[in-house]
Number of protein chains: 2
Amino acid sequence: MGSKSSTLQDVARVAGVSTATVSRTLSNPDVVSESTRIRVAQAVKETDYRINRAARSLRTQRAHSVLVLLPNLANPFFSSILEGISRHLSPKGYSMLIASTNQVQASGERLIDYFEDARADGMIILDGSLDSHLVEILENAPQSNRIIFACEWIDNTSFPVVRCENKQGTRIAVNHLYDLGHRKIAHVTGPDGNVLSHRRKSAFIEETSALNLDLKPEWVIDGDFSLAAGCQAAQRWIALTDRPTAVFCASDQLALGFMAELSRHNFTVPDDVSVMGFDDLDLAEQYIPPLTSIKQDRLMIGEAAAKMLMERIAAPHAKHSNDGAVIPVSLIARASTAQLRSAA
Amino acid sequence: MGSKSSTLQDVARVAGVSTATVSRTLSNPDVVSESTRIRVAQAVKETDYRINRAARSLRTQRAHSVLVLLPNLANPFFSSILEGISRHLSPKGYSMLIASTNQVQASGERLIDYFEDARADGMIILDGSLDSHLVEILENAPQSNRIIFACEWIDNTSFPVVRCENKQGTRIAVNHLYDLGHRKIAHVTGPDGNVLSHRRKSAFIEETSALNLDLKPEWVIDGDFSLAAGCQAAQRWIALTDRPTAVFCASDQLALGFMAELSRHNFTVPDDVSVMGFDDLDLAEQYIPPLTSIKQDRLMIGEAAAKMLMERIAAPHAKHSNDGAVIPVSLIARASTAQLRSAA
DNA sequence: CGCCTTTATGCAATCGATTACATTCCAACT
DNA sequence: AGTTGGAATGTAATCGATTGCATAAAGGCG
């Protein structure tokens with residue numbers, strides 16, 4: 001068809017009005033008369049007009065897009081969060097830019113560039129292990145009130161956070177195992193320095209202590225949320241002389257790796273040890289045995305984060321008392337945890 | 001610091017040259033003298049200049065970003081493909097926009113809008129089930145030579161495709177099972193109408209026939225790549241009176257769901273039936289039992305797709321003889337497949 | 001020395017939408 | 001009738017980078 005797509009000028013010509021009127025009609029229909037509104041609508045249809053976002057961005061200093069920063073694109077944990085974010089953004093005409101921390105750093109970009117070169121109006125950061133220097137730059141940026149964290153976050157910063165009830169989830173997990181009769185409970189942690197790892201670990205220690213459980217230091221096994229770390233943790237568990245009868249892993253991937261490695265060494269879950277995870281990935285239900293887990297509603301986290309960000313973008317100078325959101329978690333009990341059977 | 005970020009004007013003033021010279025220095029350093037090059041570089045540093053992408057986009061009619069369209073954001077299968085794409089794009093200063101078919105349609109957007117409103121310079125489409133009307137629009141668009149498909153594609157269109165060797169992968173799979181002594185082999189397919197499903201299914205039929213295997217119609221079980229469909233397929237398998245001794249699933253998720261459901265009904269893999277998948281997800285290795293699969297290098301698919309797209313964007317009118325790329329697959333044999341043990 | 005070529009730079013228009021300000025028109029009120 | 005106010009629209013500057021064309025400076029050659 002037409003080799004060029006049409007512009008405001010074209011619409012204005014067809015409708016017999018000025019570009020200003022067309023622009024107003026499109027962005028603020030109330031201020032024009034009904035008759036022009038109709039004429040413009042008609043002309044828009046006739047010319048198949050689409051707004052040029054670059055031009056609008058340049059003039060309004062709004063990119064109409066949001067950057068989502070992931071620690072690692074290859075981790076399936078994040079996909080439903082993206083889905084949630086996109087679900088909220090896309091009807092509002094916002095686009096979603098994706099980047100991973102690794103690649104941003106590898107390519108020599110700086111995060112703040114996304115603001116400074118007008119590529120994004122806001123950021124949702126899912127990486128709590130961001131370099132502290134980078135974070136400092138972000139905090140001091142004029143756009144700092146258009147940055148929010150989700151899932152993970154960074155302590156001692158003022159960014160709002162959308163997260164799940166990590167402490168509560170851990171407490172539920174420990175009590176689930178306790179209620180099944182387990183008194184020796186181990187924990188496989190997330191990566192060192194990660195705020196989720198830390199939360200869940202300290203909640204674990206608190207709760208076992210509150211229940212008066214014995215907790216040997218070697219029952220807290222360092223991991224990093226990955227399948228591979230789960231395997232290694234299993235080896236550590238196997239090597240113990242006094243083995244806990246239940247293990248709470250800080251992520252489902254850890255738990256799956258843990259069970260896989262146990263199986264390779266002919267241990268059986270839950271007969272030899274009860275295992276549970278955190279996240280409730282789709283696969284948890286379909287593992288053998290199905291994995292007991294703490295469910296976090298990742299879709300909801302994504303939507304809540306996007307919603308909060310959009311509010312801040314819309315009213316950048318308003319006071320946002322709203323300092324974040326906490327999404328509830330729930331226990332999904334499955335076959336990987338079972339009543340303790342007293343040793344033969 | 002400065003409330004406004006600096007512009008070309010600022011740099012020009014500091015360097016004592018015109019904006020034209022600064023622009024040229026930045027985008028085409030060879031045409032300016034060494035001394036200005038140095039002065040400008042110095043001024044850029046001094047003013048902490050970042051290019052305004054909206055302005056550049058408006059003037060050059062280039063968005064410097066690429067849209068990646070996924071059928072479904074929540075599917076972990078795609079994450080490493082994104083990683084591969086991003087790995088290629090990000091060093092070139094290109095951003096990656098993500099959208100899912102569902103949401104594009106739900107929000108009333110049209111794909112072509114991404115071109116027409118100057119949001120994207122190209123598209124990588126990972127959805128082979130796109131509405132045919134949409135595809136037609138894309139084919140007739142002036143930007144049609146900046147669209148490529150990856151993994152999935154649509155028959156009878158001229159878009160280049162980056163895909164894995166589906167036929168060859170299927171052949172390898174069937175032969176692997178054959179070599180283990182299996183003569184009754186079932187297949188769980190992908191979704192109806194999907195080009196991958198079709199390729200793999202017809203290759204399966206061809207290969208079993210080439211090996212002179214018996215193939216009852218009920219041994220080809222309809223699925224849709226998902227865990228849930230795998231479970232359903234397992235129920236169908238269980239219900240058969242003459243059960244195949246091996247099952248080739250069109251995706252790993254199918255295979256995992258299949259095995260999970262079997263386990264719930266007290267069948268054992270591979271003792272009762274050998275199972276294999278396609279994709280080699282990270283989890284395949286860590287399942288119980290570890291899943292034999294056909295590995296496709298998703299990172300490489302992503303990178304190849306991005307590379308091809310960038311070439312087309314750089315030289316839009318060149319003839320690109322290069323009509324796509326085929327990424328090799330390989331067999332990863334694990335414990336879910338085993339030598340046939342003759343029935344007791 | 002004068003003319004031509006080459007190289008380096010500047011000037012100013014341009015991309016397309018938005019918006020402050022100015023203008024026009026009409027109704028309503030004194 | 002004259003004045004005022006408000007609603008609707010137009011004019012033109014603006015956002016910031018790019019680039020065709022013009023100009024200037026420097027070098028080459030007879």
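Letters A, B, ... mirror the listed sequences (proteins, then strands); counts begin at 1.
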Measure across A:L69 and A:L130 and return the closest heavy-atom pair with its distance rounded to 0.1 Å. CD2-CD1, 3.8 Å

Quick test of your reading of the model: are [X] and [Y] salt-bridged, counting only N-O distances below 4.0 Å?
X	Y	answer
A:E46	A:R39	no
B:R50	A:D117	no
B:E311	B:K307	yes

Base, sugar-phosphate alone, or nothing: which one does A:S23 contact when heavy atoms must sit under 4.0 Å apart? base

Base, sugar-phosphate or nothing for A:V17? Non-hydrogen atoms, less than 4.0 Å.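 A:V17: backbone/sugar contact only, no base atoms under 4.0 Å.
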
Does atom CD of A:Q9 have more than 12 heavy-atom neighbours from other groups under 6.0 Å away?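 Check fails, neighbour count at 12 or below.
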
Within a 6.0 Å radius of atom CE on B:M310, are there more than 12 heavy atoms belonging to other residues, nucleotides or ligands? yes

Grab the [atom1]-[atom2] distance between [X] and [N] for me, whole Å please.
X	N	atom1	atom2	answer
B:Q9	C:dA12	CD	P	13 Å
A:R56	D:dG16	CZ	P	17 Å
B:L26	D:dT18	CG	P	7 Å
A:N28	D:dT9	CG	P	13 Å
B:L8	D:dT18	CG	C1'	9 Å
A:R13	C:dG16	CZ	C1'	13 Å

side-chain contact (heavy atoms from CB on, under 4.5 Å) between A:Q296 and A:I301: does it pass, once the steps are laid out? CA-CA 8 Å; A:Q296 34 175 337; A:I301 292 179; 3.5 Å; yes

Bend angle of the helix from C:dC1-D:dG30 to C:dT30-D:dA1, from helix axes over five pairs at each end, nearest 10°: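 It comes to 60° between the two terminal axes.
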
Please list, for nucleotides 13-15 of chain D, all pairs of protein and nucleotide N/O atoms separated by less than 3.5 Å.
from, atom 1, to, atom 2, distance (Å)
D:dT14, O2, A:R59, NH1, 2.6
D:dC15, O3', A:Q61, NE2, 3.1

Rounded distance (nearest 0.5 Å) linking atom CZ of B:R56 with atom CG of B:L8: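 The distance works out to 11.0 Å.
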
Just how far is it from atom CZ of A:R146 to atom CG of A:D121, taken to the nearest 0.5 Å? 6.0 Å

Pair [X], [Y]: side-chain N/O donor-acceptor within cut-off below 3.5 Å:
X	Y	value
A:Q143	A:E116	no
B:S95	A:R119	yes
A:D10	A:T47	no

Within residues 34-51 of chain A, residues whose heavy atoms come under 4.0 Å of DNA chain D: A:T36

ring-ring contact (aromatic ring centres under 6.0 Å, His included) involving A:F159 - partner list, sequence neighbours excluded: A:F149

Side chain of B:T21 (C-beta onward), nearest among C:dA17, C:dT9, D:dT9: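 Of C:dA17, C:dT9, D:dT9, C:dT9 is nearest to the side chain of B:T21.
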
Could you list, one pair per line, each protein nitrogen or oxygen that sits under 3.5 Å from a nitrogen or oxygen of nucleotides 20-22 of chain D, together with the distance?
none

Where at least one partner belongs to residues 36-76 of chain A, residue pairs that pass ring pair (Phe, Tyr, Trp, His ring centres under 6.0 Å), sequence neighbours excluded: A:H64-A:Y94

Quick one: is A:S33 getting a side-chain N or O under 4.0 Å of the D:dA7 phosphate, OP1 or OP2? no

